[in-house]
Amino acid sequence: GRLSKQLESNGTISVTTYDTTHHVLELAHYHDNNSNGLVDVNDSLVASFEYIVRADGNRTSAFETFADPDHPGEFVTQTFVWEYDNQDRLIIETYDGPGTEADYTDDYTFDLSGNRMTLVHTLTATSDATLTAYAYEANDRRLMESADAAGSEKDTTTIYSWGHVL
């Protein structure tokens with residue numbers, strides 16, 4: 001069977017719902033205010049995660065809601081949306097959170113072997129983008145990762161080494 005409810009020692013009750021093919025559709029955490037081990041009207045929501053799942057199991061979106069620690073009784077929500085190519089590779093991730101300063105879109109490209117070639121991370125509020133490029137050797141092992149942030153001197157390059165040095 002699938003785990004549908006779990007009571008933690010800190011008084012948190014986690015409730016999980018699934019679709020007919022066993023993919024998680026929702027996970028909610030409640031504080032068991034009356035210590036009865038049941039989710040009821042006396043309990044307060046701590047966080048919830050709702051997912052839209054395609055028939056093939058790939059998630060197309062997530063809605064995450066958290067209690068706002070700065071404003072008791074209020075919640076903040078962030079949303080993720082994912083798009084895939086015809087080979088089920090993630091090609092676009094979009095994030096929309098509270099406020100706009102952290103919102104972004106990630107665009108991915110791949111070579112014919114399925115290796116990630118580029119990632120373009122674009123901040124929605126400013127349109128500032130960071131391009132990360134990847135290079136591979138003949139056996140499809142990553143050799144290099146290089147990130148170039150537009151207008152920034154914080155560019156990075158990582159070199160990977162494979163094999164043994166004698």
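Below, each value reflects all heavy atoms present in this structure, side chains not excepted, and no hydrogens, waters or symmetry copies.
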With sequence neighbours excluded, tell me which residues meet ring-ring contact (aromatic ring centres under 6.0 Å, His included) with Y95. F80, Y104
Donor-acceptor side-chain pairing of E145 and Y160 below 3.5 angstrom: yes
Taking the side chain as every heavy atom from C-beta outward, state whether W82 and T60 have any atom pair closer than 4.5 Å. no
Would a distance-only check, ignoring hydrogens and angles, find a side-chain to backbone donor-acceptor pair under 3.5 Å from T126 to D128? yes
OH-CG distance between Y30 and L38, expressed to the nearest 0.5 angstrom: 13.0 Å
CD1 of I13 to CG of D43: how many Å apart, nearest 0.5 Å? 5.0 Å
Check for a donor-acceptor pair, side chain of E137 on one end and backbone N or O of N139 on the other, with a separation under 3.5 Å. yes
Straight-line distance of L27 CG to Y18 OH, nearest 0.5 Å: 8.5 Å
Working to the nearest 0.5 Å, report the span between CD of E93 and NE2 of H121. 9.0 Å
State, with a plain yes or no, whether a side-chain heavy atom of D148 is found less than 4.5 Å away from one of T130. no
Is the shortest side-chain heavy-atom distance between R116 and Y134 below 4.5 Å? yes
Establish, from distance only, whether the side-chain atoms of T109 and T118 form a donor-acceptor pair under 3.5 Å. yes
Is D19 salt-bridged to R54, going by a charged N under 4.0 Å from an acidic O? no
Any side-chain heavy atom of S44 sitting closer than 4.5 Å to one from N33? yes
Walk me through whether V24 and T16 qualify under side chain to side chain contact (heavy atoms under 4.5 Å, CB included). CA-CA 7 Å; V24 174; T16 308; 4.0 Å; yes
May I have the step-by-step check of side-chain hydrogen bond (donor to acceptor under 3.5 Å, both in side chains) for S14 and H29, ending in yes or no? CA-CA 4 Å; S14 298; H29 303 292; 2.7 Å; yes
Check whether any side-chain heavy atom of N34 sits under 4.5 Å from a side-chain heavy atom of D40, and report yes or no. yes
As a quick check of understanding, evaluate side-chain hydrogen bond (donor to acceptor under 3.5 Å, both in side chains) for D140 and N115, giving each step before the final call. CA-CA 7 Å; D140 294 323; N115 297 312; 2.9 Å; yes
CG (N36) and CG (N42) are apart, to the nearest 0.5 Å, by 7.5 Å
Take D106 and I92 through the side chain to side chain contact (heavy atoms under 4.5 Å, CB included) test and state the conclusion after the steps. CA-CA 6 Å; D106 285 345; I92 299 174; over 6 Å; no
Answer yes or no for R142 and Y136: cation-pi contact, defined as NZ/CZ to six-membered ring centre under 6.0 Å and angle to ring axis within 45°. no
Whether D32 side chain and T12 backbone form a donor-acceptor pair below 3.5 Å: no
Distance (rounded to the nearest 0.5 Å) between I52 CD1 and H23 NE2: 13.5 Å
